[in-house]
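Lettering follows sequence order; numbering is per chain, from 1. Only a predicted model underlies this, so the values are computations on that prediction, with no experimental measurement involved. Hydrogens, waters and symmetry mates are skipped; everything else that's a heavy atom, side chains included, is used.
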6 protein chains.
Amino acid sequence: KELQYEVKQGRKGFGIPGLDEMLSDGLLEGTITLISGGTGAGKTILALKFLLEGAEKGEKGIFLSFEEPAAQLLNTARHLGWEMDRHLAEGRLDIKFISPVELDVDKHAFEILDMIREKKVERFVIDSISSFENSVSDLQKYNDYLWALGQQLRRRQINTIFTAVNDDPFSPLIVSKTQISLTIDNIIILRYVEENSHIKKVLGILKTRGSDHDKALREFEITPNGISILGKLDRADMLK
Amino acid sequence: KELQYEVKQGRKGFGIPGLDEMLSDGLLEGTITLISGGTGAGKTILALKFLLEGAEKGEKGIFLSFEEPAAQLLNTARHLGWEMDRHLAEGRLDIKFISPVELDVDKHAFEILDMIREKKVERFVIDSISSFENSVSDLQKYNDYLWALGQQLRRRQINTIFTAVNDDPFSPLIVSKTQISLTIDNIIILRYVEENSHIKKVLGILKTRGSDHDKALREFEITPNGISILGKLDRADMLK
Amino acid sequence: KELQYEVKQGRKGFGIPGLDEMLSDGLLEGTITLISGGTGAGKTILALKFLLEGAEKGEKGIFLSFEEPAAQLLNTARHLGWEMDRHLAEGRLDIKFISPVELDVDKHAFEILDMIREKKVERFVIDSISSFENSVSDLQKYNDYLWALGQQLRRRQINTIFTAVNDDPFSPLIVSKTQISLTIDNIIILRYVEENSHIKKVLGILKTRGSDHDKALREFEITPNGISILGKLDRADMLK
Amino acid sequence: KELQYEVKQGRKGFGIPGLDEMLSDGLLEGTITLISGGTGAGKTILALKFLLEGAEKGEKGIFLSFEEPAAQLLNTARHLGWEMDRHLAEGRLDIKFISPVELDVDKHAFEILDMIREKKVERFVIDSISSFENSVSDLQKYNDYLWALGQQLRRRQINTIFTAVNDDPFSPLIVSKTQISLTIDNIIILRYVEENSHIKKVLGILKTRGSDHDKALREFEITPNGISILGKLDRADMLK
Amino acid sequence: KELQYEVKQGRKGFGIPGLDEMLSDGLLEGTITLISGGTGAGKTILALKFLLEGAEKGEKGIFLSFEEPAAQLLNTARHLGWEMDRHLAEGRLDIKFISPVELDVDKHAFEILDMIREKKVERFVIDSISSFENSVSDLQKYNDYLWALGQQLRRRQINTIFTAVNDDPFSPLIVSKTQISLTIDNIIILRYVEENSHIKKVLGILKTRGSDHDKALREFEITPNGISILGKLDRADMLK
Amino acid sequence: KELQYEVKQGRKGFGIPGLDEMLSDGLLEGTITLISGGTGAGKTILALKFLLEGAEKGEKGIFLSFEEPAAQLLNTARHLGWEMDRHLAEGRLDIKFISPVELDVDKHAFEILDMIREKKVERFVIDSISSFENSVSDLQKYNDYLWALGQQLRRRQINTIFTAVNDDPFSPLIVSKTQISLTIDNIIILRYVEENSHIKKVLGILKTRGSDHDKALREFEITPNGISILGKLDRADMLK
Ligand SMILES: Nc1ncnc2c1ncn2[C@@H]1O[C@H](COP(=O)(O)OP(=O)(O)O)[C@@H](O)[C@H]1O
Ligand SMILES: Nc1ncnc2c1ncn2[C@@H]1O[C@H](COP(=O)(O)OP(=O)(O)O)[C@@H](O)[C@H]1O
Ligand SMILES: Nc1ncnc2c1ncn2[C@@H]1O[C@H](COP(=O)(O)OP(=O)(O)O)[C@@H](O)[C@H]1O
Ligand SMILES: Nc1ncnc2c1ncn2[C@@H]1O[C@H](COP(=O)(O)OP(=O)(O)O)[C@@H](O)[C@H]1O
Ligand SMILES: Nc1ncnc2c1ncn2[C@@H]1O[C@H](COP(=O)(O)OP(=O)(O)O)[C@@H](O)[C@H]1O
Ligand SMILES: Nc1ncnc2c1ncn2[C@@H]1O[C@H](COP(=O)(O)OP(=O)(O)O)[C@@H](O)[C@H]1O
Ligand SMILES: [Mg+2]
Ligand SMILES: [Mg+2]
Ligand SMILES: [Mg+2]
Ligand SMILES: [Mg+2]
Ligand SMILES: [Mg+2]
Ligand SMILES: [Mg+2]
């Protein structure tokens with residue numbers, strides 16, 4: 001009874017050369033990953049790419065957005081040369097947009113789980129749990145709900161990404177006051193750093209529960225060709 | 001139904017050489033931009049220039065000011081050699097000043113939207129949403145209102161600029177505790193830095209949703225000839 | 001109706017060589033200036049000099065003091081070799097001292113405005129608005145009152161200086177939590193810096209609404225001969 | 001009556017070469033140890049290894065988890081090449097998982113103590129007391145409960161490890177606002193440090209009540225072969 | 001009526017070579033001075049010396065202590081080779097000790113002023129106003145009382161020293177949240193600095209209302225021979 | 001009446017070569033000393049040694065512990081080669097342990113003072129007043145009680161040590177928000193510093209009321225042979 005569920009051993013990648021290697025071939029199957037970073041750091045795009053990579057392999061995905069409507073996401077994808085339209089049309093991808101003003105956790109919680117079950121979803125994104133947190137008045141309730149949701153997702157072995165917004169985009173602080181670390185298996189941190197009068201983006205993997213990972217901090221770029229992982233930066237103390 | 005509105009692909013510039021290039025030819029059409037900076041950093045002047053550039057191209061603009069009355073803005077424009085008077089006279093520009101003491105959000109919200117609709121406004125500025133925030137007692141209400149306003153502006157494809165005041169003019173902290181990042185597509189940060197016993201101004205683009213942008217931090221100057229984007233500063237760690 | 005008042009183009013100086021040059025010949029006529037600094041930084045003396053310079057030119061001035069009684073100010077002026085006594089005697093200068101304990105904003109507000117109107121005052125100082133703030137229980141009321149006062153002063157084109165006390169004399173933080181930046185056109189910051197085991201004073205102009213200004217940070221001295229603007233300091237990062 | 005219990009003199013090791021040496025052959029028998037660190041620092045794995053080392057020597061252990069279910073822990077152990085399955089099967093190890101949502105301190109407190117007594121447990125882990133703290137509404141009650149639990153464990157001479165989560169994984173701050181230092185005999189701190197664009201892990205022993213310990217800060221690694229203590233890092237000021 | 005009191009021009013020294021020079025021959029007559037510093041910085045000893053110097057010149061002094069009883073102060077003076085006993089015996093000096101527990105501001109306020117008037121006191125010390133602040137429940141009341149007391153002392157031209165305790169002895173922060181800067185004419189700051197593995201003491205004059213002063217930061221020592229002002233320290237940034 | 005008690009001139013040492021010298025032959029008789037430091041810094045051991053040194057000289061001592069039961073302290077002493085058992089047996093030393101959960105200040109306050117009086121105690125330790133503070137709900141009450149206790153101890157000329165826990169073991173912050181500095185005559189600070197990838201301990205004397213002391217910061221070690229004062233550390237800015 002204690003051993004409620006199996007832990008799968010497969011890997012679910014982003015299809016981003018460099019990043020999948022850093023994760024020892026992708027995220028461990030059935031785990032929940034937090035992508036944390038300031039506004040504009042690339043959380044939405046990284047999470048979107050995770051679903052698109054799944055869709056390429058025939059895995060169904062749902063992108064639950066509390067921030068940008070589908071049109072916006074579609075547009076972003078087009079600019080990056082990603083075939084999101086096709087996957088949407090052919091049913092491998094679904095975007096569910098709930099504005100923060102409309103969000104009613106008690107009501108939507110069931111819908112989300114139903115949707116995941118019905119559609120046999122394999123990859124799932126919530127962008128962002130910060131919006132979600134803001135719309136729940138009571139922190140305890142938020143923690144409980146997140147935990148329960150996490151349990152359901154884990155039991156169903158859904159490969160999940162939560163994004164979280166750092167209020168200060170230049171600080172590495174991740175999660176505080178909430179019990180989110182209980183729900184999360186893996187943590188990817190995105191940060192702005194300044195080097196040479198340029199704002200650059202850096203990515204690091206802080207934790208992968210039950211698995212090894214690369215400990216390097218790498219610069220990455222979002223360009224019209226998508227996301228590229230670059231080398232190390234000269235700057236020291238990026239995480240201070 | 002989810003894909004409520006089209007995302008336009010045109011660009012709306014500031015008419016400031018250097019800045020428009022940094023934005024890949026201007027701001028993406030129909031998006032909402034935040035200009036954040038300390039007092040005196042140049043937020044008002046930058047936002048004004050955005051409207052004037054539109055007026056030059058025949059696009060109608062409204063400048064909603066909670067800080068300076070029209071006479072003040074006119075005077076500033078004259079000193080910078082900008083033909084604001086003509087655009088005002090010929091109806092391409094309108095300045096609406098509401099003192100923070102008089103501001104009644106519930107009443108003015110409708111008026112603003114009506115005004116935008118009637119006048120077929122294409123460029124719109126609120127200077128500043130910080131004043132606006134201060135006059136709403138309830139943060140949740142402020143967030144909801146901003147979101148709703150943002151939705152209306154986006155649906156009508158209005159090219160919008162919000163300015164926001166940083167309490168500490170020498171820190172890069174931008175937006176916190178409010179859900180403004182949900183409403184905002186692009187972020188331009190203005191900062192004071194000290195170099196060589198001089199107070200200098202620096203501009204950087206932190207985020208442009210769905211579009212590439214220059215990652216450089218550039219010095220800029222406000223002189224009697226207007227705004228000029230200069231080169232890089234020697235000082236490192238401007239954003240720390 | 002929106003263009004409620006004219007913006008004058010004249011300049012009002014301090015009569016301090018170096019400082020007036022930094023301000024492009026003085027403060028723009030009819031504007032409100034904030035002098036911010038720690039205790040002992042020189043706020044009172046700078047504000048006093050502004051009135052004395054006006055008196056020399058025949059412009060009437062009122063110094064509204066919440067900190068030091070007239071005798072104290074007179075004494076300071078005498079030590080600095082300033083002819084305040086004569087200007088007081090000949091009616092070009094008036095000192096109104098209200099102790100913070102006695103201050104009753106609702107009552108004094110009208111008196112102040114009456115006094116300014118009756119005496120055809122051209123230069124006006126409040127030393128300090130921090131004392132003033134402390135005696136108003138409600139921050140919102142303080143903001144509203146300051147705004148209203150600012151509007152009256154601006155409409156009457158009074159050249160006004162407000163001083164404000166920084167709690168930490170070695171930090172550049174200026175104004176926070178209050179909406180004072182709405183009321184203020186120009187900001188002069190005074191700071192202590194330590195160089196070579198000496199406490200030195202530094203002056204910088206952060207903002208002049210609608211006008212250019214020097215961006216340098218200069219050391220200044222208060223000596224028995226008055227205020228002198230000196231050169232640059234070797235120390236870097238004075239504003240950090 | 002004051003001298004309520006004997007203090008044993010034996011040692012209980014982790015079976016990790018390097019770490020046991022740092023502790024002068026292991027933790028003093030019958031003491032309570034805090035392992036403190038950010039998320040992903042290795043607290044769970046270190047605590048698990050402590051129990052497995054005991055199991056190898058025939059000492060019964062209980063792992064009370066408020067964070068990860070047994071399956072997750074089993075999986076982690078397998079990946080690290082540890083024979084946790086065998087010890088579980090043969091009754092030398094027990095994992096008790098209570099989800100933070102279900103945790104009812106008043107009820108579970110007795111159960112835990114009963115379990116420890118019945119099963120003649122010699123090594124005991126609570127992972128983590130931070131989760132535990134979050135589920136008790138009243139800080140005073142939490143402190144009292146922790147103290148009482150600590151007393152019981154000490155009286156029964158149980159070799160105990162508590163883990164605690166640092167909210168900021170890059171800061172050395174350990175315990176605050178709670179009276180946990182009263183209950184704790186030994187403190188091991190785990191920290192992330194950044195060196196050379198890599199996130200590294202560092203371990204130090206801050207305190208061992210009544211015993212000497214190594215004062216070095218050592219890098220350590222979690223690899224598919226388990227935990228290895230490495231040498232010193234070049235980086236200075238790791239604890240700042 | 002405004003010019004309620006004369007400002008005297010004489011000087012009142014400490015009798016400490018070096019310090020009196022820094023103050024241009026002593027504190028301006030009839031002013032109120034704040035000595036601020038961490039615990040053990042030397043506030044009590046400096047204030048005591050001020051009274052003893054007066055006593056040597058035949059000026060009556062009262063030391064109002066909320067911290068140390070007379071015996072303690074006497075003992076300290078003896079160790080420093082100061083003839084406090086004689087001055088006490090001959091009535092030139094009086095020590096009034098009120099324990100913080102007994103202090104009743106409303107009652108003692110009158111007593112203090114009566115005492116000062118009756119005894120024709122010329123020098124007066126309150127050690128410390130921090131104790132005093134702690135025993136007044138209401139900050140506003142404390143501010144009002146301090147202001148009123150200051151006014152009385154100034155009107156009677158009493159040469160007054162207030163000491164204030166910095167909570168963090170290694171920070172230069174002086175006075176905050178209270179309106180004490182209104183009451184104070186001069187500020188002397190005492191600080192600990194660390195140089196060369198030694199804790200040293202540094203003294204600086206931050207402000208003297210209406211008078212010039214030395215801007216140097218000097219090391220000082222308390223030895224069995226009393227207080228000596230030493231030279232400059234090599235350490236830079238003592239005030240950061 | 002003011003001179004309520006004599007100030008003795010003898011010295012009470014720790015019996016630790018180096019430390020007694022730093023204190024000019026020990027603590028001044030009849031004074032109250034604060035030992036402040038993070039957890040594990042050595043407060044308990046230092047305070048214990050103070051009592052043992054007294055016992056060696058035939059002076060009775062009481063160790064009032066809110067943190068560790070007698071057995072624990074005995075064990076620690078044994079490991080350090082100290083003959084605490086003998087002193088306990090022969091009545092020169094007494095350990096009174098009150099668990100923080102049981103502590104009832106109103107009740108225990110009398111008991112403590114009775115005990116001190118009856119047993120003609122000459123040295124007294126409270127380990128720690130932080131635990132004590134935590135168990136008093138009202139800060140004002142805590143301050144009053146501490147003051148009253150301090151007065152009693154001083155009147156009886158008891159050589160007293162209070163220990164206090166710093167929440168952040170790597171910061172030099174000592175005492176804040178409480179009026180403890182009123183009660184304390186001497187302050188010894190213990191700190192962790194990091195040098196060369198090692199956690200080292202440093203000791204400094206911040207204040208000795210009425211007496212000279214060494215201003216050096218010295219490394220110290222707790223080894224199986226007891227406490228040794230070592231030399232200076234290379235690291236600068238240990239107190240920052
Ligand atoms: N099989 C493995 N191989 C290598 N490293 C692993 C393995 N399993 C876990 N890790 C490492 O251990 C970390 C998690 O350790 P854990 O004890 O769960 O941290 P904490 O309890 O402090 O949050 C992961 O981030 C990863 O770096
Ligand atoms: N078409 C594009 N070409 C280049 N860069 C782009 C493009 N679209 C978006 N970006 C980059 O991605 C950033 C936004 O990423 P996003 O994932 O929305 O951030 P977040 O979700 O963390 O706020 C933009 O600031 C921009 O730098
Ligand atoms: N005519 C001018 N010539 C040069 N600089 C000017 C002129 N007018 C304004 N400025 C500069 O612009 C600054 C004010 O910019 P503004 O946009 O009002 O700042 P903000 O809105 O961020 O408070 C002034 O501090 C000054 O440095
Ligand atoms: N006669 C004088 N000669 C030289 N310096 C003086 C004289 N009078 C005042 N000062 C200087 O001016 C400072 C006080 O300036 P003030 O304007 O009162 O400061 P603030 O109002 O910012 O507290 C004093 O600390 C001193 O350094
Ligand atoms: N027998 C011993 N040998 C060496 N060091 C010891 C011994 N006993 C204790 N220590 C050291 O003393 C420290 C604990 O000191 P303690 O006085 O209990 O600290 P505190 O009361 O400040 O928390 C331990 O962390 C250890 O470093
Ligand atoms: N007889 C003495 N010889 C040398 N130094 C002394 C003597 N008496 C006191 N001191 C020094 O003075 C310090 C206390 O000064 P004090 O004025 O009481 O500080 P404060 O009032 O700021 O807390 C002591 O810490 C010690 O360094
Ligand atoms: Mg996003
Ligand atoms: Mg503006
Ligand atoms: Mg002043
Ligand atoms: Mg864990
Ligand atoms: Mg004192
Ligand atoms: Mg202890």
Trainee: Are A:Glu102 and A:His108 linked by a side-chain donor-acceptor pair shorter than 3.5 Å?
Mentor: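 Their side chains do not contain a donor-acceptor pair, so the 3.5 Å distance test is not met.
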Trainee: Would you tell me whether B:Thr163 and B:Asp127 have side-chain atoms, one donor and one acceptor, within less than 3.5 Å of each other?
Mentor: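 Yes, side-chain donor-acceptor contact under 3.5 Å.
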Trainee: Quick one: what part of B:Asp185 sits under 4.5 Å from any heavy atom of chain A, side chain, backbone, both or neither?
Mentor: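 Contact with chain A involves the side chain of B:Asp185 alone.
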Trainee: Check B:Leu34 against B:Ala164 and note the closest heavy-atom contact, atom names and distance.
Mentor: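 So the minimum-distance heavy-atom pair works out to CD1-CB, 3.8 Å.
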Trainee: Is the shortest side-chain N to carboxylate O distance from A:Asp94 to A:Lys119 below 4.0 Å?
Mentor: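 A salt bridge links A:Asp94 with A:Lys119.
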Trainee: Please flag which part of A:Ser99 lies under 4.5 Å from any non-hydrogen atom of chain B: side chain, backbone, both or neither.
Mentor: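 A:Ser99 touches chain B through backbone and side-chain heavy atoms alike.
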Trainee: Quick check on B:Ile205 against chain A: is it the side chain, the backbone, both or neither that has a heavy atom closer than 4.5 Å?
Mentor: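 Just its backbone gets close to chain A.
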